[in-house]
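Working notes, beginning with the structure itself.
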Amino acid sequence: MKVLIGSTHEEVAELAANSVLEGLERYVSNRPPVIGLATGSSPLGLYGKLAELVKAGRLDFSQATGFALDEYVGLPQSHEQSYRQTLIRDFCQVTGLPEANLNVPLGDAESLEVLEAAASQYDEAIRAVGGVDVQILGIGSNGHIGFNEPGTSLRSRTHMTRLTARTRADNARFFGSLDEVPTHSVTQGLGTVLDAKRLVLVATGQAKADAIAAAIEGPLAAACPASVLQLHQDVTLVIDEEAAMHLKHREYYDAAAQVLSL
Ligand code: GLP
C-alpha cells in the first residue's frame, strides 16, 4: 500500500490525480480507459484535477467507459441525488466522459428479481470490457467503501445491501431530511473492487481518521470493509493530515513516499 499525505486539500487532489494518471499510463495502451468512479465529497477535487489534465491534452475520456461504485435503491435515475445524476454532474460534465458510456448499478428496478439480476450482470459488464483500470474510492466514516457496510463479505460481488444508520445520517446532508435517504443500495462488492488494476482512495478530515487507521493498520476484517485494500497489489491512499492523525507508522509512510534514485 502507498500512503500519501497532503498538507492541503489541493495537494491531496493533485497527488491523487497523479496516481490516476500514472495508473492509466501503466495499464492502458492503444485503447480507451476504463475508470471506476466514486461519489461523495472526497473525490471532487480529484475530478477537478482530472478535468485540467483533459484540458491540457494529457488525458482523454471521450472514448472512455465509466463504472460507478454504487447506486441508491428506489430513487428514479433522474433524481438529482441519484448517483447516476451525481456522476454526470461531477465527472462526465467536467471530464468529457460521454453519459452514454457511464454505467451505474440499477437501483430503480420494478422488482427485486430484476434488481438482483442486474447486479450480477454488472460484474459481467465490467469483465466484458477487460476490467477497471483505475478505481477511485472514498471511505465512509465507518470504514465502508462503495456501500459495503461493516460485516460485508470480503469477497462479495455487486449486490443489494442495507445502509447502516450511520451512513444514512452521514448522507442526509444531500437530502431534505433523514427520512428521504434511501434505506438500501446496490454496490460493487469488495471482491469486485479488488479486481480493478489500480485503486486510488481519497479521504480528508478528522471524521475519517478512525476509518483510515483501521483500513491501513487494523486487522483484515469485515468489521472495517476498507481493510480489504490490504490485499490489493496496487493501491494508493491519498489523505490529509487530519485523516492521518491516528496512523502509528506515519514516519515509514513519509519515508516510503520519497522517490528513490539509484
Ligand atoms: C457514500 C458513498 C461512498 C463514499 C462515502 C463517503 O456513502 N457510497 O462511495 O466513499 O459516501 O463520502 P464523502 O466523501 O462525501 O465523505
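We count ligands from 1, going down the list as the structure has it; atoms in each ligand are counted the same way.
A salt bridge does not link Arg84 with Asp108: every distance from a Lys NZ or Arg NE/NH1/NH2 to an Asp or Glu carboxylate oxygen is 4.0 Å or more.
The salt bridge (Lys or Arg N to Asp or Glu O under 4.0 Å) pairs that include a residue from residues 162-180 number zero, where partners must be two or more places apart or lie in different chains. For residues 219-262, no residue pair satisfies the ring pair (Phe, Tyr, Trp, His ring centres under 6.0 Å) rule, not counting sequence neighbours.
Inclusion of Thr167 in the set of residues having an N or O under 3.5 Å from an N or O of ligand 1 is not warranted. Remark: ligand 1 and Phe147 share no N or O pair separated by less than 3.5 Å (distance only, no angle test). Of the N or O atoms in Thr39, none lie within a sub-3.5 Å distance of an N or O in ligand 1.
Residues Gln77 and Ser82 bring no donor and acceptor atom of their side chains to less than 3.5 Å of each other. Between the side chains of Asp234 and Tyr27, at least one donor-acceptor pair of N or O atoms lies under 3.5 Å. Looking only at atom types and distance, the side chain of Ser185 has no donor-acceptor partner in the side chain of Asp70 under 3.5 Å away. When only modelled atom types and interatomic distance are considered, Ser78 and Gln85 share no side-chain donor-acceptor pair under 3.5 Å.
Protein heavy atom in closest approach to atom 8 (N) of ligand 1: Asp70 OD2, 2.8 Å. Considering only non-hydrogen protein atoms, atom 6 (C) of ligand 1 sits nearest to Ile139 O, 3.5 Å. Of the protein's heavy atoms, Lys208 NZ, 2.6 Å lies nearest to atom 16 (O) of ligand 1. At the shortest separation from atom 5 (C) of ligand 1 among protein heavy atoms lies His144 NE2, 3.7 Å. What sits closest to atom 12 (O) of ligand 1 on the protein, heavy atoms only, is Gly40 CA, 3.9 Å.
Taking all atoms of both residues into account, the shortest heavy-atom contact from Gly6 to Val12 is CA-CG2, 4.0 Å.
Atoms of ligand 1 lying under 4.0 Å from any heavy atom of Gly138, numbered from 1 in the order shown and given with element: 10 (O). Every atom of ligand 1 is numbered from 1 in the order shown, and the set under 4.0 Å from a heavy atom of Asn171 is 1 (C), 7 (O).
The closest non-hydrogen atom to atom 3 (C) of ligand 1, taken over Pro43, Gly146, Ser42, comes from Gly146.
Heavy-atom neighbours of Arg31 CZ from other residues, nucleotides or ligands within 6.0 Å: above the threshold of 12.
Here Tyr83 has side-chain heavy atoms under 4.0 Å from ligand 1, and that is the only part of it that gets that close.
At a 4.0 Å cut-off, at least one heavy atom of Arg173 sits close enough to ligand 1 to count as contact.
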